[in-house]
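Written below as structure tokens is the structure these notes are about.
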Amino acid sequence: MSATRARVIAIDGPAAAGKGTLARRLAGHLGFAYLDTGLLYRAVAARLIEAGAGIEPAAAEAAAKALAPSDLDRSDLRGDDVAEVASKVAAMPEVRAALLSFQREFAAKPPGNRPGAVLDGRDIATVVCPGADCKLFVTASVEVRALRRLKELRQRGVDAIHTRVLREMQERDARDSQRSVAPLVPARDAVVIDTSTLDAEHAFAAALEIVEARMPDAHA
Ligand code: C5P
């Protein structure tokens, strides 16, 4: 670990807004470590589903406390069934508390002795890393996000229906935005990037411009 403080880029936003692609690319470009924090909630959900346990706080908290780094490598975390349970356990304060120190540790001491970290999720700028050097809120209209999700599902060979994908996305947005603990809201000092009409290339260019303005010395 170098003596200088690790730099932190916080990226929040709703599902399928393009924040994961953007975060991974920024991290690669800057030589930073990357953490997809949604995977933590998905891994808790996968453990609960696997155990056949109900979605109730004590079991969810125990699953969160038992998480190991290898849980994040599970191949079954990407499905919408897991996402739905993830957004339910994510509304439980005891689950969020159990996952907080891992995320903060990752940001403070990025693995691989990297000079910084990019974390993406829902509450990175507001709760996990309120002192982040750069905060982005990546969003898009729910219609555009549902279409992207539909395309992704079909590419994976899943027989998805547009109206259902849209409805599930609206329900997940509502749960994530209206929960009392760490709701999805842009931090006051976050810069909003609306990707409704931007492809991945343009979204990256827009984000890089903001990052370079806020962190002129960020390059490794
Ligand atoms: O980002 P992803 O869609 O994988 O996240 C799955 C769910 O995990 C979200 O719908 C949200 O409820 C929860 N989550 C969260 N806080 C984060 C990351 C994800 O509440 N920082």
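Below, each value reflects all heavy atoms present in this structure, side chains not excepted, and no hydrogens, waters or symmetry copies. Both counts, for ligands and for their atoms, begin at 1 and track the order of listing. As the structure is a computational prediction, the values presented were derived from the model and not from experiment.
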Nearest protein heavy atom with distance in Å, relative to atom 17 (C) of ligand 1: Arg122 N, 3.3 Å

Shortest protein contact, atom 13 (C) of ligand 1 (heavy atom only): Ala90 CB, 3.6 Å

Sidechain N-carboxylate O distance under 4.0 Å for Asp36, Arg78: yes

Nitrogen or oxygen atoms of Thr37 and ligand 1 under 3.5 Å apart: yes

Pairing of Lys88 and Glu84 as salt bridge, 4.0 angstrom limit: yes

Rounded distance [0.5 Å steps], CG in Leu35 versus CZ in Phe106: 4.5 Å

Nearest-neighbour protein heavy atom for atom 4 (O) of ligand 1, which is reported as residue plus atom name and distance: Arg42 NE, 2.6 Å

Non-hydrogen atom of Arg96 closer than 4.0 Å to ligand 1: yes

Face-on cation placement of Arg25 at Phe204 ring, 6.0 Å and 45° thresholds: yes

Ser87 side chain to Arg42 side chain, donor-acceptor N/O pair below 3.5 angstrom: no

Protein heavy atom at shortest distance from atom 12 (O) of ligand 1: Asp176 OD1, 2.6 Å

Distance-only donor-acceptor check, side chains Arg122 and Tyr41, under 3.5 Å: no

Nearest non-hydrogen protein atom, atom 8 (O) of ligand 1: Tyr41 CB, 3.5 Å

Arg172, any N or O under 3.5 Å of ligand 1 N or O: yes

pair Arg96-Arg179: side-chain heavy atoms closer than 4.5 Å: yes

Proximity flag Arg179 to ligand 1, non-hydrogen atoms under 4.0 Å: yes

For Gly121, the ligand 1 atoms whose distance to one of its heavy atoms is below 4.0 Å: 17 (C), 18 (C), 21 (N)

